[in-house]
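One-based numbering, in listed order, for ligands and for the atoms of each.
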Amino acid sequence: MGQGPQDATGNPGAVEIAPGVHWIGALDPSLRTFDIILRTANGTTYNAFLIRGDAGVAVVDTVKLEFADEFFRRLESVADYSEVRVIVLNHLEPDHSGALPELMRRAPQARLYISTRATSMLKAVLKPKDSDRPFEYETVGTGDEVSLGNRTLRFLHTPFLHWPDTQCTYLVEDGVLFSGDVFGCHYCDSRLYNDRVGDFRFSFDYYYAHIMRPFKAHVMDALKLIEPLRLMMIAPTHGPILRDRPRRYVTHYRELSTSSLVDQIDNDERSLVVFYMSAYGSTARMAEAIRAGAEEEAGVRVSLYDLEGGETEPFVDLIEEANALAFGSPTINGDAVKPVWDLLSSLAVVNLKGKLGAAFGSYGWSGEAVRMIEDRMRGLKMRVPVAGLRLKLIPTDEELAECRVFGRKLAAALVGGEQGRVIDFSELG
Ligand code: FEO
């Protein structure tokens, strides 16, 4: 498939990825950090596309503002602005909407199509100047279509992948899915196609882990819409265009979104994971007593881990699958200890909403750690059904009995015994 003349840096011009369908995006090989949290070893691409039908031209997505010149240069090499009748924004994050205001000025006759949930974001992105005409747009949902004459754009509502506004656009006659961030990755290679670029598998999985993983349920919903499609090519907004066996990426998304532990635990069983750190053994003894108490409740499988002996990443996987978590930490210098915070701060990539949480710990004179951990868990939208347990220095036999009661109460809440008394603090704010 054709490729326009290279620019002064040797990068490609507009690239024809299917007859009458051009990549008109931009390459950003120097980027090393994206959205603050994602690292990338060789940059990224902002993929945008132009589709020519016999009743007009459509542009799907734009690029980050700093790359607008590249985008317009590629667009102008394959179409006149006067031909653009349709603009689709699959996602309004600035890396895709940066050139949108200028595109709408250059093609004022074009109609903009966005998802319903993108409306409020659109107003913030465009911020029209007084001199601008009001931006006109139409909201679309799953199954809605826009005709370009001999070609049809059909929309799929795929919220939260990666913002609430996200959608995919399917070019029906050609079987091309313009998937937005879905199936994307931060990997910059001017050869563009998955069968020509370097090995990007790590980048693909890394991107999934940081962008899609917190929204696995939404990924599964999106896959229900995508899997029945005839897929000749998937064209995401970042990274390689997936023309070689595109369906394997769909399958891979399903694998990544499916629990790997699901077959290893009885369906009826609920899991409680107890993590702790201990300075002098007191918090460890509390943890063991809590486990013993929780195990008295039928239907709960309890796991106990000393954070001193583990790595964060596998614990994050474990937490994603658990139904309840308890964190034990001593208080040192008025704070919980670093390994506990390291693990808690790694949990933004998993969906914790509705999981039960509890905190405990031994302390010397102030004991703030327990309350701080509870606050963090509530901030992560977990439910904290049993008030945290703090014990001063070395636990007595009576206090260890208190720990067992604490564990039993937590386990009872997990299997439903105490559901009536649970206050969901995460819903109050
Ligand atoms: Fe590539 Fe969520 O923007």
Side-chain angles (χ1 to χ4, degrees), residues 23-49 59-68 70-71 74 87-101 103 112-126 155-169 177-189 192 194 197 200 202-219 221-222 226 234-242 249 253 256-257 348-349 351:
W23 173 85
I24 55 169
L27 306 173
D28 185 1
S30 303
L31 187 81
R32 292 292 174 269
T33 306
F34 186 91
D35 268 2
I36 303 172
I37 57 164
L38 267 81
R39 302 179 69 193
T40 172
N42 70 344
T44 193
T45 65
Y46 311 106
N47 298 331
F49 302 93
V59 174
V60 178
D61 292 316
T62 74
V63 299
K64 198 174 179 180
L65 182 58
E66 295 92 309
F67 297 85
E70 256 186 71
F71 164 75
R74 291 189 173 108
I87 300 170
V88 175
L89 255 284
N90 281 328
H91 175 27
L92 269 79
E93 193 168 3
D95 52 326
H96 309 300
S97 61
L100 177 64
L103 176 61
L112 173 65
Y113 294 86
I114 56 174
S115 76
T116 308
R117 298 180 86 163
T119 305
S120 61
M121 291 172 200
L122 182 70
K123 292 185 174 114
V125 165
L126 292 180
F155 302 101
L156 288 69
H157 184 50
T158 54
F160 292 98
L161 309 179
H162 118 257
W163 276 7
D165 65 315
T166 41
Q167 63 179 4
C168 297
T169 302
L177 182 70
F178 302 99
S179 58
D181 283 347
V182 185
F183 306 120
C185 64
H186 292 311
Y187 188 86
C188 183
D189 190 320
L192 288 186
N194 65 322
V197 302
F200 65 101
F202 161 78
S203 301
F204 189 91
D205 284 6
Y206 177 82
Y207 186 90
Y208 175 92
H210 286 80
I211 299 289
M212 301 296 159
R213 180 175 177 170
F215 305 107
K216 281 183 174 180
H218 292 283
V219 172
D221 287 343
I226 292 168
I234 297 174
T237 44
H238 298 291
I241 295 167
L242 310 171
Y249 298 93
Y253 254 48
L256 291 171
S257 304
V349 298
N351 182 5

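Annotation for D61 and N90: closest pair OD1-N, 2.8 Å, computed over non-hydrogen atoms.
Using a 3.5 Å distance cut-off with no hydrogens or angles, the side chains of H162 and H218 do not pair a donor with an acceptor. Using a 3.5 Å distance cut-off with no hydrogens or angles, the side chains of Y208 and S257 do pair a donor with an acceptor.
Looking at H238, its N, O or S atom nearest to atom 1 (Fe) of ligand 1 turns out to be NE2. Of all N, O or S atoms in D181, the one lying closest to atom 1 (Fe) of ligand 1 is OD1. The minimum distance between atom 2 (Fe) of ligand 1 and any N, O or S atom of H162 involves atom ND1. Nearest to atom 1 (Fe) of ligand 1, among the N, O or S atoms that D95 has, is OD2.
For F178 and F49, the ring centers are positioned less than 6.0 Å apart. Ring centroids of Y46 and F71 are separated by 6.0 Å or more, keeping the two rings apart.
Taking backbone and side chain together, H96 holds an N, O or S atom under 2.8 Å from atom 1 (Fe) of ligand 1. The nearest N, O or S atom of E93 is closer to atom 2 (Fe) of ligand 1 than 2.8 Å.
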